[in-house]
Amino acid sequence: MTVANISVSETPLVLYTLRRADDALILGHRLSEWCGHAPMLEEDMALANMGLDLLGQARELYSYAAKVEGRDNDEDKFAYLRDVRQYRNLLLLEQPNGDFARTMVRQFFYATFADLYWRAMMRSSDLTLAAIAAKSEKESAYHVRHSSEWIVRLGDGTEESHRRTQSAIDELWAFTGEMFAVDDSERGLIDARIAVDPAALHPQWLKTVSSVVSEATLALPKSDWMQQGGRSGRHSEHLGHLLSELQSMQRTFPGATW
């Protein structure tokens, strides 16, 4: 049985909220892939818990997007019944886990941004988004602390861990610029004080990232060329494979309930 994709009324606020929800869902799913495979039991639990934090954020944001849209969509339909091109997550977050160092570098880059972003969003004129931000910032603060400690441990550890972590930084750096990009749809929300301008967060993000990377005896790439596309629905091949797994139950048994 073929299940049709839902249609979404992508007004600026709906689109904005879905972008942040997609970020949380996709990264949360990536972290869930580590369950049972982490290098130690404590880390297995930590990665799973961070994944659950992100899933909780996604649910709140999807629910709010559905309320703003005012149609018959809900959090499950947004997660399970949209195609690849309808997802608007950052390209960074759909990249495969790779080894443990790569996962920690991806987590560190994003969590450092997310913590600054949610902290700023607590002052949003949209009271629902401000409330979601207040809860999410507490979680992202832990995510930053956890991942930054691992960056230092891996970078300043063995020759092998240093090599793998530096390689991950070099490979993922080009995906970080998209976190700070803004289009016309989002610019209107920034002017209305509903959203915050991520570009204003870049200096502090770079300062924090540079400090941790330096402490880890690692180095940031010199290149300023950055990948773009996720926010407009243009993704890498990795997202399609991820969604085929994430959506498999709902696509096979549409409308199934427990």
Side-chain angles (χ1 to χ4, degrees), residues 18-62 75-76 78-80 82 84 87-118 132-133 135-155 161 164-165 167-169 171-173 175-176 178-179 205 209 212 230 235-250:
L18 286 177
R19 285 171 170 173
R20 272 69 203 174
D22 290 346
D23 285 346
L25 179 66
I26 297 306
L27 182 57
H29 185 80
R30 280 297 189 213
L31 292 180
S32 76
E33 295 173 345
W34 273 103
C35 192
H37 301 283
M40 61 185 73
L41 183 59
E42 181 179 4
E43 192 58 29
D44 207 304
M45 296 173 64
L47 289 167
N49 283 329
M50 288 191 290
L52 287 172
D53 288 342
L54 291 164
L55 181 60
Q57 294 172 21
R59 292 191 63 190
E60 291 183 346
L61 289 161
Y62 283 140
E75 61 181 89
D76 287 336
F78 282 136
Y80 298 127
R82 285 183 300 149
V84 173
Y87 266 76
R88 302 307 178 94
N89 58 278
L90 296 167
L91 295 174
L92 172 67
L93 308 181
E94 69 196 44
Q95 300 308 302
N97 288 331
D99 58 25
F100 185 68
R102 183 183 174 93
T103 291
M104 280 300 118
V105 169
R106 183 189 62 200
Q107 187 70 22
F108 173 60
F109 282 162
Y110 176 72
T112 303
F113 166 77
D115 189 50
L116 294 170
Y117 195 85
W118 290 128
I132 293 173
K135 175 179 179 295
S136 300
E137 193 280 328
K138 295 176 183 177
E139 296 165 341
S140 62
Y142 165 72
H143 297 183
V144 173
R145 185 170 67 252
H146 182 85
S147 57
S148 62
E149 288 174 355
W150 269 112
I151 296 301
V152 173
R153 195 176 305 167
L154 293 167
S161 68
R164 287 175 179 265
T165 309
S167 176
I169 289 173
E171 291 174 7
L172 295 175
W173 180 250
F175 294 103
T176 60
E178 191 177 25
M179 295 188 291
W205 177 86
V209 168
V212 172
H235 295 279
S236 66
E237 69 274 20
H238 307 298
L239 184 62
H241 295 297
L242 185 154
L243 291 180
S244 68
E245 178 180 293
L246 187 152
Q247 299 179 342
S248 61
M249 182 64 72
Q250 191 60 232

Has the side chain of E245 got a donor or acceptor atom that lies under 3.5 Å from a matching backbone atom of H241? no
Is the shortest heavy-atom distance from the side chain of L61 to the side chain of D23 under 4.5 Å? no
Backbone N or O of A79 within a donor-acceptor pair of the Q247 side chain at under 3.5 Å? yes
A side-chain contact here means heavy atoms from C-beta on lying under 4.5 Å apart; do Y142 and M50 qualify? yes
Would you say V212 and T112 make side-chain contact, with heavy atoms under 4.5 Å? no
Show the nearest heavy-atom pair for residues A38 and L47, with the distance to one decimal. CB-CD1, 4.1 Å
Identify the two heavy atoms, one from C35 and one from D44, that lie closest to each other, and give their separation to 0.1 Å. CA-OD1, 3.5 Å
Grab the two heavy atoms, one from D115 and one from S140, that are nearest each other, plus how far apart they are. OD1-OG, 3.0 Å
Donor-acceptor pair, side chain of E94 and main chain of I26, under 3.5 angstrom: no
Short side-chain to backbone donor-acceptor contact, D22 and R88, under 3.5 Å: yes
So which atom in Y87 and which in H235 form the shortest heavy-atom distance, rounded to 0.1 Å? O-NE2, 2.6 Å
With rounding to the nearest 0.5 angstrom, report the CZ to CE distance, R102 to M104. 13.5 Å
Does any non-hydrogen side-chain atom of R106 lie less than 4.5 Å from one of L31? yes
Report yes or no: does R82 contribute a side-chain atom to a donor-acceptor pair with the main-chain N or O of F78 at less than 3.5 Å? yes
Under the ring pair (Phe, Tyr, Trp, His ring centres under 6.0 Å) test, residues paired with F175 that sit two or more places apart: none
Would you say the rings of W150 and F108 are close, in the sense that their centroids are separated by under 6.0 Å? no
Main-chain N/O of Q95 paired with R30 side-chain donor or acceptor, under 3.5 Å: yes
Looking at every heavy atom in both L154 and S161, which two are closest together, and how far apart are they? O-OG, 2.6 Å
Are any of the side-chain heavy atoms of Q250 and D76 separated by less than 4.5 Å? no
If you compare all heavy atoms of Q107 against all heavy atoms of S147, which two are closest, and at what distance to 0.1 Å? CG-CB, 4.0 Å
Name all residues meeting the ring pair (Phe, Tyr, Trp, His ring centres under 6.0 Å) criterion together with W173; count only those two or more places apart in sequence or in a different chain, and write none if there are none. F109, W205
Partner residues of Y117 under the ring pair (Phe, Tyr, Trp, His ring centres under 6.0 Å) criterion, sequence neighbours left out: F113
Under 3.5 Å, is there a donor on one side chain and an acceptor on the other for H146 and E43? yes
